[in-house]
Number of protein chains: 2
Amino acid sequence: MHALDDGISRWRRVADAIRADIASGVIAQQLPPEVELAERHGVNRHTVRRAIAALSTEGLLRAERGRGTFVNAQPPRVIYPIGERVRFRENMMKQSIEPSGRLIGAERVAADARQAALLDVSFGAPLHRLERLAVVDSMPMSRSTSLFSAERFPDIISAYAETGSITQALQKSGVSDYRRRETRITAERVSPNDVELLQCASDAIVLISNAVDIDMEGKPVQSVRTRFLADRFELSFKPDTD
Amino acid sequence: MHALDDGISRWRRVADAIRADIASGVIAQQLPPEVELAERHGVNRHTVRRAIAALSTEGLLRAERGRGTFVNAQPPRVIYPIGERVRFRENMMKQSIEPSGRLIGAERVAADARQAALLDVSFGAPLHRLERLAVVDSMPMSRSTSLFSAERFPDIISAYAETGSITQALQKSGVSDYRRRETRITAERVSPNDVELLQCASDAIVLISNAVDIDMEGKPVQSVRTRFLADRFELSFKPDTD
DNA sequence: ATTAGTTGTCTATACAAATAGACAAATAGG
DNA sequence: CCTATTTGTCTATTTGTATAGACAACTAAT
């Protein structure tokens, strides 16, 4: 009677279903009793209990003996505008959120064919790779990998380390302003490497944004790949605004 | 010694890792031998075999006894531009793709608070809900739920049924042109209802786009929620283009 | 105080997942 | 032809998942 053997346990599917019901508002404050949930999902009560246990350690639910199981209030999704002007710090502060970027790694690499085309440098040219982690209220939000031409921006790493801001680091390197040329968005399961970094479940979903920033003459400045945790973010694109 | 009990079987995690390695180009044509994969992922060879079996029935891999396991060529992700002008048919035909929309349901509903605000109608006002399925080469790509004011567009359903196009259905209803006001993007696991409709795995990831279209006077025309299969799509946002 | 309804804990059983080892069958290269 | 390498098949064992039933502990209302 097993629907599809997709390698996902029943309690996990029940947990996902409950999570979805909460997100969509089907379940508001209090969960139905365990026996009812078991019937609804066609599983044993113990399976429901395991699902609830998982969601409880996640902080989404709170079970009280004799009373029932309740939904904890969740922080709303952070809205992240994508458009011509993308400035992480500005965007967050408009929503009364105090952000902080953390440098988690820097490396010198050679441009592969794809990056060479995006950044308009020759194949194999030296690049600075900058790994950042965006944190809001001590909760990891996204992980970014930026690539800069090492020839054009030899000191971008130290400039970022000092200022903690891409915008300011670029200003020190002579780029007074920049804008986004293109943003491509897709979604995947989080990579195992990022699980502890982002403090998320090992099967969390990340929104992936591949973008290229250009200076005012239209020359590529940075190529950046950001992985947003999908359950903490919502990307917003407004044509008119700004 | 279990890393994290997240309800996902080991073979499934190995399968996901292999899929990711293929997507990122770490694995190109041929897979490493099963024993090597087993070591790399810290599992038994049989577990790797099960992962490979799943990916083979999925069409991603092809195992040949005595030779090895090979990666089948995959169709590239369809690039879907989001911007002011969003026209499904036009967008697809630019990429030499012949699309087709299928009407899978229509219903008359009352506006809830959120939809009323988006469409600028009063709470409880009658809406037409239009459910569509976008198909490319007989492969389902996305599922859309459109909402129109039933007062302003009483015949939108039949107009869409005749023309098979939102753009043309709106023209028949007196809207010569429209543009997108805002697009909000997030990602979730596919809902169980959509699994058979979209012909995808029960834990596939969907990119969700919530958008509002407005006419040339700025009045809201439709509110549309589209669920794109993340492994078949890439959303692209270009500020300058058009 | 009693009762109905709820979550928490315990034992037991059937079934699937993962591990382990051995060997067959096909391929490729010397 | 022979050998090394690789995928395919088989048996067996251990561990984890899911089901089943019973009962305790707690809450809220009568």
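Each chain gets a letter, A, B and so on, in the order the sequences are listed, and its residues count up from 1.
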Residues two or more places apart in sequence or in another chain: which of them pass salt bridge (charged side-chain N to carboxylate O under 4.0 Å, His left out) with [X]?
X        : answer
A:Glu58  : A:Arg19
A:Arg45  : A:Glu34
A:Arg114 : none
A:Arg12  : A:Asp16, A:Asp203

To the nearest 0.5 Å, what is the distance between [atom1] ([X]) and [atom2] ([Y])?
X        : Y        : atom1 : atom2 : result
A:Ile104 : A:Leu130 : CD1   : CG    : 9.0 Å
B:Phe70  : B:Leu61  : CZ    : CG    : 11.0 Å
A:Phe237 : A:Ile185 : CZ    : CD1   : 9.5 Å

Could you tell me whether the side chain of [Y] reaches within less than 4.5 Å of the side chain of [X], counting heavy atoms only?
X        : Y        : answer
A:Ile82  : A:Ser209 : no
B:Arg132 : B:Arg143 : no
B:Phe233 : A:Thr186 : no
B:Arg227 : B:Thr145 : yes

When you measure from every atom of DNA chain C, which of residues 27-41 of chain B have a heavy atom less than 4.0 Å away?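 Correct list: empty, so none.
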
Base, sugar-phosphate, or nothing for B:Arg49, non-hydrogen atoms under 4.0 angstrom?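 It contacts base atoms.
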
A:Ile52 CD1 to C:dT6 C1': how many Å, rounded?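 After rounding, the gap between these two atoms is 11 Å.
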
Listed partners of A:Thr47 passing side-chain hydrogen bond (donor to acceptor under 3.5 Å, both in side chains), at least two apart: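 With sequence neighbours excluded, A:Thr47 shows a side-chain hydrogen bond (donor to acceptor under 3.5 Å, both in side chains) to no residue whatsoever.
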
Mind checking side-chain hydrogen bond (donor to acceptor under 3.5 Å, both in side chains) for B:Glu107 and listing every partner two or more places apart, or none if nothing turns up?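 side-chain hydrogen bond (donor to acceptor under 3.5 Å, both in side chains) check on B:Glu107 returns B:Arg129.
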
Measure all distances between protein nitrogen or oxygen atoms and nitrogen or oxygen atoms of nucleotides 25-30 of chain C, and list the pairs falling under 3.5 Å.
from   : atom 1 : to      : atom 2 : distance (Å)
C:dA25 : O4'    : B:Arg65 : NH1    : 2.6
C:dA25 : O3'    : B:Arg65 : NH1    : 3.0
C:dA28 : OP1    : B:Arg67 : NE     : 2.9

Among B:Val212, B:Val121, B:Leu119, B:Val224, find the one that has a side chain to side chain contact (heavy atoms under 4.5 Å, CB included) with B:Leu147.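 The residue from B:Val212, B:Val121, B:Leu119, B:Val224 that satisfies side chain to side chain contact (heavy atoms under 4.5 Å, CB included) with B:Leu147 turns out to be B:Leu119.
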
Each nucleotide N or O in nucleotides 19-23 of chain C that has a protein N or O under 3.5 Å away: list the pair and distance.
from   : atom 1 : to      : atom 2 : distance (Å)
C:dT19 : OP2    : B:Asn44 : N      : 3.0
C:dT19 : OP2    : B:Thr47 : OG1    : 2.2
C:dG21 : O6     : B:His46 : NE2    : 2.6

Which pairs with one or both residues in residues 65-74 of chain A pass side-chain hydrogen bond (donor to acceptor under 3.5 Å, both in side chains), sequence neighbours excluded?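 Output for this query lists A:Arg62-A:Asn72, A:Glu64-A:Arg67.
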
Review item, nucleotides 1-4 of chain D N/O atoms under 3.5 Å of protein N/O:
none

Between the two end axes of the helix from C:dA1-D:dT30 to C:dG30-D:dC1, each built from 5 base pairs, what angle do you get to the nearest 10°?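 Both end axes considered, the difference amounts to 30°.
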
